[in-house]
Structure formats: structure tokens, C-alpha cells
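In this text the structure is predicted, and so the values were computed from the model without any measurement.
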Amino acid sequence: MVTVELAVGLITCVLLLGTLAGVVTLGVAQSAIQTASSDLARSIARDDEAMADQVRELSPDDAVFTIDRQPAGVRVTTTWQFPVFRLGQIPLQASAWAPWEPGVEP
């Protein structure tokens, strides 16, 4: 009887830890694309193409950046299909806006 309870408890703990690890990994991935969106928006608003290229290189390969140049600033939206432990992909999206720096026009 104790062996069965231990086995069920152990399986439950392993599943719970796996789920927790997946959620933490998902949070880290969301934070990464939010940072990439913010950095890219700031570098475009400063007209710093070298930094913008570096941000794109450091981002995940399959991340898609959408840049919307507006009269008041620039909005960058990043989407990424994040793979979760070979179970499937979860779409992540982050957006950032930055005002144009003085002397930089849209």
C-alpha cells in the first residue's frame, strides 16, 4: 500500500516540477522578446542601425519584428512561436514604443 502511494506521489511531483519548469521557461522567453522589442524600438528612434542589426542578431532566429513608424515615434512588435519541450509551440508577442530622438525624423 505504501509503495503505491509513494509511486503516485512521485509521479505527481515529477509532473508538477515539469509544468513549473515549462512555465518558468515561458516567462524567460517572454521577457527576452520584450527586451528585444524595447531595444529595437530605442535604436530605431535614435537612428542607430548598427545597434538595430545587433538586436536582430541576438534575438531568436524565427522571431518576427514588425516596425510601425508613426509621426510621434516608432512601435516595434515582436512575435515568436516558442517551442515547449517538443509538445508544441506557443505564440508569444511583445510590443514596445519609443519617441523619436531630437533630430531624427520618421
Side-chain angles (χ1 to χ4, degrees):
M1 189 75 164
V2 174
T3 306
V4 173
E5 290 173 357
L6 183 62
V8 170
L10 187 61
I11 290 171
T12 303
C13 286
V14 168
L15 288 175
L16 189 62
L17 287 174
T19 303
L20 182 61
V23 169
V24 168
T25 304
L26 194 61
V28 169
Q30 179 67 36
S31 176
I33 66 168
Q34 182 64 52
T35 301
S37 294
S38 299
D39 290 346
L40 187 58
R42 277 194 305 262
S43 63
I44 291 173
R46 291 182 191 143
D47 199 25
D48 186 0
E49 287 300 319
M51 184 64 174
D53 291 339
Q54 185 178 7
V55 169
R56 287 184 185 108
E57 288 175 11
L58 293 175
S59 299
D61 292 335
D62 51 349
V64 177
F65 295 100
T66 305
I67 300 168
D68 181 21
R69 298 173 194 272
Q70 303 168 352
V74 62
R75 176 170 302 283
V76 175
T77 304
T78 306
T79 55
W80 183 27
Q81 296 294 326
F82 181 70
V84 179
F85 299 126
R86 298 183 184 180
L87 297 175
Q89 295 184 342
I90 296 178
L92 298 178
Q93 183 175 10
S95 183
W97 183 85
W100 295 111
E101 294 288 325
V104 178
E105 297 180 13

Side chains of Asp68 and Val74 in contact at under 4.5 Å (non-hydrogen atoms): no

Distance, nearest 0.5 Å, that separates CD1 of Ile11 from CG of Leu16: 13.5 Å

Spacing of CG belonging to Leu40 relative to OG1 belonging to Thr35, to within rounding of 0.5 Å: 12.5 Å

Thr12 side chain vs Val8 backbone, donor-acceptor pair below 3.5 Å: yes

Approximate separation, where rounding is to 0.5 Å, of Leu10 CG and Thr3 OG1: 12.0 Å

Nearest atoms (heavy-atom pairs only) where Pro99 meets Ala45: O-CB, 3.2 Å

Inter-residue atom distance Ile33.CD1 - Thr78.OG1, 0.5 Å rounding: 6.0 Å

Student check: side-chain heavy atoms of Phe82 and Leu26 closer than 4.5 Å: yes

Shortest non-hydrogen separation from Ser37 to Ala94 and the atoms involved: OG-O, 3.4 Å

Donor-acceptor pair, side chain of Trp100 and main chain of Gln70, under 3.5 angstrom: yes

Closest non-hydrogen atom pair between Gln93 and Gln30, with its separation: O-NE2, 3.1 Å

Check: Phe65 and Ser59 side chains under 4.5 Å, non-hydrogen atoms: yes

Gap between atom CZ of Arg42 and atom CE of Met51 - 0.5 Å precision: 8.0 Å

Hydrophobic cluster membership, Ile90 vs Val23, 4.5 Å side-chain cutoff: no

Which atom of Ala29 lies closest to which atom of Leu92, heavy atoms considered: CB-CD1, 3.8 Å

Spatial distance of atom CD (Glu49) from atom CZ (Arg56) [nearest 0.5 Å]: 6.5 Å

Gln89 to Pro83 - nearest heavy-atom pair and separation: CG-CA, 4.1 Å

Nearest heavy atoms of Ser95 and Thr77, plus distance in Å: OG-OG1, 3.5 Å

